[in-house]
Amino acid sequence: MEVAAACKGEPGHAWLVAMRLGEQACMISPLLTDLYQLTMAQGYFLSGRAADQAVFHLSFRKLPFSGGYAIAAGLESALSFVHDYRFAPDELDYLQSLEAPLGGPLFEPAFLSYLRELRLSIDIDAIPEGTVVFGHEPLLRVRGSLLEAQLLETTLLNAINFQTLIATKAARVCQAARGEPVLEFGLRRAHGVDGALSASRAAYIGGVEATSNVLAGKVFGIPVRGTHAHSWVMSFDSEPEAFAAYAEAMPNNCVLLVDTYDTLSGVRNAIEVGHTLARRGKRLLGIRLDSGDLAWLSIEARKLLDAAGLHDTQIVASNDLDEALVESLHQQGAQIATWAVGTRLVTAYDQPALGGVYKLASIARAGGTYEPRVKLSDQPAKTSIPGFQQVRRFVRDGRFVADVVYDEWQGVAPKVLIDPLDPLRRRRLAQDLTHEDLLQPVIRDGARVAPPVPLSQTRERVQRQLAGLDPTIRRLVNPHEYPVGLSEELFELRKSLIEKARPSERDV
């Protein structure tokens, strides 16, 4: 709020109004939405349907990065947005100023008056952040007035899509690092201010140990780490002078970037500084490689460091790393102890978006009973799933076995799993399996039901969740497919709705 207030009236910084820097960074303006959410909301209001009730589900269809799992993230940002949902006077003034393409005001005064008094009464159930999730299962279930649920769509998708994508990428990079520390160094390449903060948060959830983003450290309590730039070295007359000056300035945090001129000469110059630090009772924490053949250079650098007695000086590597390159460097025998991953992590390299969707699944006139709804598509994957969905995860001896999406309102415990894209693929669930339902209450009547979960606990949850997956599903390349499907009862409901909505015969 302090940042938003400070920037009020400064056109060049209007985007800062859309976030608050405090215990959490979140989007606080209800204008952070697509215009059609507001035009539909006005339509519901003017047609007397503002009190109609609806159920929406937020999900994604395809796992990112050709992987075997995703990590749910972004829920805290979404909950903060819902809890604080209010239209401020200046926001309503802006909406009042908008004109329709054919003339006249876009929004009616009565609708704007309704928004001025609006306080959400929505209910949300969600899969906890840090949970491994899969395609076609709801990450959020939103229940309440049709108008309110519609207003939330875009912002919920924005929060969940991006952070789920980044947390998943981070988990994959950390897996490739084989337990060695991974640092997030992507601030300068991130997609804007909020993209940088959200990426740092999600990357920490996914497993990175620290970030270079100092603001993310303050806002989220993430450890911060950093070295120095090539410009530091270039600003001195010689590399030895630059290294010596940095060690003098930062004797307890000395990691030297050695590739400004010649990498191995830089390593030898760093060794001299390491000996000087040792004589003072300090030590050279590490050297950083940022270019060239990282495998060969790290091996040669390790030889030089060990021969000089600097066995505990670590080698840090950067330079457009991702899980594929980290895995390749391991296979080449690289002597890298810490991985600084930037651009390809915070931009979710090779997977620009998660593709999450928010679909209406049930509708009820005010005071009436809910009726399931389905959206059809010529692409089977885009045909929606109706009902009041819950995700039941089946477990045996601590290992996740299968997830079943079922309709709580049908009142039948799932016993069979059916692939939504291939009805001939069916699995019967064994009797010896335990289970848990993943969607949990997080918002009731527009207010949070519990305080935020500490980020450290969410990060620990990710590690427990990944341990519950079979190693074949965690594979970075060609992972085994984790079984996810619909209960038999939900499958039949969906099938009947499709048959009812689709003409039985069409001309060809």
Side-chain angles (χ1 to χ4, degrees), residues 65 67 69 71 130 166-187 199-200 202-213 216-217 222-227 253-259 263 267 270 274 283-306 310-346 348-349 455-456 459-467 469 471 474-477:
F65 311 113
Y69 64 87
I71 302 294
I166 300 302
T168 305
K169 185 71 168 181
R172 290 170 57 84
V173 173
C174 291
Q175 179 180 331
R178 304 180 186 180
E180 294 163 348
V182 176
L183 312 177
E184 181 268 302
F185 273 22
L187 172 57
S200 295
Y204 186 66
I205 288 174
V208 306
E209 290 205 357
T211 178
S212 67
N213 186 338
I222 303 172
V224 292
R225 294 274 297 275
T227 60
N253 183 39
C254 190
V255 179
L256 299 175
L257 180 60
V258 296
D259 70 334
T263 301
V267 175
R283 70 183 180 92
L284 178 63
L285 294 181
I287 61 169
R288 178 159 71 99
L289 306 175
D290 189 49
S291 61
D293 186 335
L294 295 180
W296 182 81
L297 287 170
S298 68
I299 292 170
E300 295 303 308
R302 185 75 268 161
K303 291 176 183 177
L304 292 172
L305 291 168
D306 288 347
L310 300 180
H311 302 285
D312 57 356
T313 296
Q314 294 190 347
I315 297 175
V316 182
S318 50
N319 190 27
D320 285 339
L321 299 175
D322 61 9
E323 65 269 45
L325 186 50
V326 172
E327 181 67 23
S328 174
L329 287 166
H330 269 299
Q331 293 173 357
Q332 296 173 64
Q335 297 296 299
I336 297 166
T338 299
W339 307 84
V341 185
T343 304
R344 296 192 173 199
L345 172 54
V346 301
Y349 177 76
L455 205 60
S456 59
R459 186 171 181 269
E460 292 168 0
R461 179 179 179 86
V462 171
Q463 300 311 308
R464 294 194 302 272
Q465 287 279 303
L466 290 173
L469 290 177
R474 296 198 304 265
R475 283 195 305 242
L476 297 177
V477 179

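A quick note: this is a predicted structure, and the numbers were derived from the prediction, not measured.
Here the closest non-hydrogen pair linking A270 and I287 is CB-CG2, 3.8 Å. Closest heavy-atom contact between L329 and I336: CD1-CD1, 4.2 Å. Between A334 and I299, the closest heavy-atom pair is CA-CG1, 4.4 Å. Minimum heavy-atom separation, A203 to E184: CB-CG, 4.1 Å. Counting all heavy atoms, side chain and backbone alike, G206 lies closest to V462 at O-CG1, 4.3 Å. In this structure, N319 and G292 approach most closely via the heavy-atom pair ND2-N, 4.3 Å.
In this view, D306 and R302, H311 satisfy the side-chain hydrogen bond (donor to acceptor under 3.5 Å, both in side chains) rule, not counting sequence neighbours. In this view, T168 satisfies the side-chain hydrogen bond (donor to acceptor under 3.5 Å, both in side chains) rule with no residue, not counting sequence neighbours. Remark: S328 engages Q332 in a side-chain hydrogen bond (donor to acceptor under 3.5 Å, both in side chains) (not counting sequence neighbours). Annotation: side-chain hydrogen bond (donor to acceptor under 3.5 Å, both in side chains) contacts of T263 (sequence neighbours excluded): none. Under the salt bridge (Lys or Arg N to Asp or Glu O under 4.0 Å) criterion, E209 pairs with no residue, sequence neighbours left out.
Distance check, rounded to the nearest 0.5 Å: CG of N213 to OG of S200 gives 4.0 Å. One distance of note links CD of Q314 with CD of E180; it measures 9.0 Å at 0.5 Å rounding. Atom-to-atom distance recorded for L304:CG and L310:CG is 10.5 Å, nearest 0.5 angstrom. Here CZ of R288 is found 4.0 Å from OG of S318. Values are rounded to the nearest 0.5 Å. To the nearest 0.5 Å, atoms CG (L455) and CD1 (I205) are separated by 5.0 Å. For the atom pair L297 CG and I315 CD1, the distance stands at 9.5 Å (nearest 0.5 Å).
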Open item on the list: One pair to check against side-chain contact (heavy atoms from CB on, under 4.5 Å): L256 and L284. What are the steps and the verdict?
Closed with: CA-CA 8 Å; L256 299 175; L284 178 63; 3.8 Å; yes

Open item on the list: Walk me through whether L476 and R172 qualify under side-chain contact (heavy atoms from CB on, under 4.5 Å).
Closed with: CA-CA 7 Å; L476 297 177; R172 290 170 57 84; 3.9 Å; yes

- [ ] Show the numbers, then the answer: is there a side-chain contact (heavy atoms from CB on, under 4.5 Å) between S298 and L289?
- [x] CA-CA 8 Å; S298 68; L289 306 175; 3.9 Å; yes

TODO: Before giving the answer on side-chain contact (heavy atoms from CB on, under 4.5 Å), spell out for F185 and L345 the whole-Å C-alpha distance, their side-chain angles and the decisive distance to 0.1 Å.
DONE: CA-CA 9 Å; F185 273 22; L345 172 54; over 6 Å; no

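Remark: K169 fails to qualify as a cation-pi partner of Y349 under the 6.0 Å distance and 45° angle criteria applied to the six-membered ring. Because its NZ or CZ atom is both nearer than 6.0 Å to the ring centre of Y204 and within 45° of the ring axis, R459 counts as a cation-pi partner of that residue.
Surrounding CZ of R225 are at most 12 heavy atoms belonging to other residues, nucleotides or ligands under 6.0 Å away.
For the residue pair D259 and S291, a side-chain donor N or O sits within less than 3.5 Å of a side-chain acceptor on the partner. Using a 3.5 Å distance cut-off with no hydrogens or angles, the side chains of R283 and T313 do not pair a donor with an acceptor.
Listed by first and then second residue, the ring pair (Phe, Tyr, Trp, His ring centres under 6.0 Å) pairs involving residues 315-334 are H330-W339 (not counting sequence neighbours).
A 4.5 Å side-chain heavy-atom check between L321 and L294 finds at least one atom pair inside the cut-off. For the pair L466 and I71, the minimum side-chain heavy-atom distance is below 4.5 Å. At least one side-chain heavy atom of E327 sits less than 4.5 Å from a side-chain heavy atom of Q331. A 4.5 Å side-chain heavy-atom check between Q175 and R474 finds at least one atom pair inside the cut-off. Within the 4.5 Å cutoff, the side chain of T211 has heavy atoms near those of the V224 side chain.
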